[in-house]
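Taking it in order: structure first as structure tokens, then the write-up.
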Amino acid sequence: MTEYDLVIRGGTVVTAADTVRCDVGVKGGRIVALTEGLDTADEVIDASGKLVLPGGVDSHVHIDEPPFYGVKDAGEFGTDTTAAACGGTTTVIPFVRQDRECSLRTAIQDYHAKAGGRAVIDYAFHIILLDPTDQVLGQEMPALIEDGYTSYKVFMTYDGIAINDGEILKVLEAAKTHGAIVMVHAESDHCIRHLAAKLDAAGATSLENYQRMAPQPVEREATHRAITLAEIVDVPILLVHVSAAEAMEQIRWARNRGLKVYGETCPQYLFLTDDHIAQPGWEGAKYLCAPPPRDTANQELLWRALARGVFQVLSSDHCSSLFEGPDGKTAHGPDPHFRHVPPGVPGIEARLPLMFSEGVGKKRIDLNTFVAVTATNPAKIYGLYPRKGTIAVGADADLAIWDPEKDVTISVDMLHENLDFTPYEGFEVKGWPVAVISRGEIVVRDGVVLAKPGRGTFLACERADLTPPVGTAVAS
Ligand code: URP
Ligand code: ZN
Ligand code: ZN
């Protein structure tokens, strides 16, 4: 019998803290050795000239959710986890969306049925709280946290989805009492309604007006309010999909005051702008998400904030509406109206290559920060660390072997997302994973998917230990 099931030899191993030349020995799905000169293995991958990174943790993805704006997802757990793996991600955390008057348990069972038998990589679940009754918060939530559902998302906008400040306070109190983390979609519902009504009245409904319905102050105000609510309760929160400098400044301000406020941004805010949405006709729908992408000046400010630790998490916020057809972003009528396009863009596969190429390759962030924000920090914040998100003896052997010189032109035809568009069509990137390993099994090699549907397993999250806070301190 050989000592290792798999050895990855001669690569440069990168974690959030270190970059070292060593081999990786894998046995029973876990990393068991990190040293030089490993040889006796059933299988050896030559990683010379390559980077060996922790498999990515994409901690904000929407997979097979109920229809949104009347449009259902084209992706499901098979397609979307395959796409994730092809892009170097080995753990995803999608959302369970609770229907009103439906128990959280029932909703969770539905999602397990959707994921089991299909997912090719491991997954945990966040829960979207639409109806935080006393029964939900006092009885269901504590039991669910025990079972590994430790993160809850609340929305401050969207018809039928938003909850009010009083409800958010109750959710935060329950999170504090029972040990959960609350994720907040921070956009001011009243401001959006007010501006949307004015735009409607003026007939300014084409997609170029979308940005006018949700300008930066809409996000800034809600971000500040969410931080205030969390401060009052004295509990950590995470602001999701932060689009621009004004909201980001609120997070920096809060962290500098010692509050446990975390921030997430996404590729769409680093690579897209409002000009993409303002294109004539329906074209802009391919780029429409909430909050809206802003401008190139904001992109640069977000990159700087990532490098300085204002953001701890970089996720895709992957959404899988088609563009064409009755279940597409263009489904609602002949004339584009910005209020009728389901917000959200795909990105589960391109997330890591885009960030590696434009972030590390263009020296906006270093390699260790890349690993921190795309794998290690989300694993820590959501209670999956050190099993996921790092390369260490005892951790799951979830690895992406990365060719830093591989040139790829992103196009919908080469992605695995089961969609008819990508907002990153034609983007040229340098760097792509050549082998992706999940619990010691090679799931993708040279672009060929080797994983069997259903091999992915559910991960019960621990209560996150957020002391000391995840991520670096933030100054000016
Ligand atoms: O545009 C977005 N972000 N759509 C997905 C739903 C959400 O708010 O995360
Ligand atoms: Zn959201
Ligand atoms: Zn989302």
Side-chain angles (χ1 to χ4, degrees), residues 59-60 62 65-68 93-115 124-193 221-241 254 259-262 264 381-383 458-467:
S59 59
H60 184 155
H62 300 271
E65 285 185 15
F68 192 42
I93 317 186
F95 292 88
V96 169
R97 188 164 4 126
Q98 174 206 15
D99 283 329
R100 282 183 185 278
E101 291 161 22
C102 161
S103 85
L104 293 181
R105 278 278 175 209
T106 311
I108 288 166
Q109 278 162 7
D110 285 352
Y111 279 83
H112 276 288
K114 293 175 186 189
F125 287 117
H126 310 291
I127 294 171
I128 293 175
L129 283 173
L130 300 186
D131 197 12
T133 61
D134 290 347
Q135 145 78 11
V136 164
L137 298 181
Q139 290 177 32
E140 286 208 86
M141 192 167 157
L144 289 172
I145 290 169
E146 284 298 319
D147 291 349
Y149 306 93
T150 59
S151 43
Y152 293 79
K153 182 175 177 191
V154 297
F155 286 80
M156 298 172 87
T157 188
Y158 289 135
D159 282 349
I161 291 184
I163 61 175
N164 64 39
D165 289 0
E167 290 171 317
I168 293 174
L169 282 164
K170 284 187 183 172
V171 171
L172 292 169
E173 288 289 359
K176 182 178 181 186
T177 306
H178 304 295
I181 174 112
V182 177
M183 309 158 76
V184 184
H185 178 130
E187 288 187 288
S188 166
D189 200 43
H190 286 290
C191 296
I192 286 179
R193 283 171 190 278
E221 183 279 324
T223 301
H224 186 86
R225 186 154 37 100
I227 290 169
T228 305
L229 300 180
E231 182 179 5
I232 284 167
V233 174
D234 186 21
V235 67
I237 53 163
L238 185 140
L239 279 308
V240 292
H241 48 52
L259 302 177
K260 284 186 198 145
V261 171
Y262 298 99
E264 171 203 83
I381 289 171
Y382 297 115
F458 168 67
L459 302 164
C461 296
E462 304 284 334
R463 290 178 176 84
D465 179 8
L466 299 171
T467 324

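In this structure a side-chain-to-backbone donor-acceptor pair under 3.5 Å is present from R97 to P66. Side-chain atoms of E167 come within 3.5 Å of backbone atoms of N164 as a donor-acceptor pair (strictly under, hydrogens ignored).
Other residues, nucleotides and ligands place no more than 12 heavy atoms under 6.0 Å from the CD atom of E462. At most 12 heavy atoms of other shown residues, nucleotides or ligands fall within 6.0 angstrom of atom NE2 in H190.
Qualifying side chain to side chain donor-acceptor pair (under 3.5 Å) partners for R193, counting only residues two or more places apart in sequence or in other chains: D159, D189.
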Indicate every side-chain donor-acceptor pair of residues 127-138 with a distance under 3.5 Å to a residue at least two apart or in another chain.
residue	atom	partner	partner atom	Å
D131	OD2	E101	N	3.4
T133	OG1	V136	N	3.1

Tabulate below the donor-acceptor pairs under 3.5 Å that side-chain atoms of residues 170-180 make, not counting sequence neighbours, or state none.
residue	atom	partner	partner atom	Å
K176	NZ	V233	O	3.2
T177	OG1	E173	O	2.8

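Ring geometry, Y149 versus F458: the interplanar angle falls under 30°, so the pair is classed parallel (tilted spans 30 to 60°).
In this structure, OH on Y382 lies 5.0 Å from NE2 on H126, to the nearest 0.5 angstrom. With rounding to the nearest 0.5 angstrom, the OH atom of Y262 is 6.5 Å from the CD1 atom of I181.
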Step by step, work out the side chain to side chain contact (heavy atoms under 4.5 Å, CB included) result for R105 and D147. CA-CA 11 Å; R105 278 278 175 209; D147 291 349; 2.6 Å; yes
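Taking the six-membered ring wherever Trp is involved, the centroid distance between the rings of F68 and H62 does not fall below 6.0 Å.
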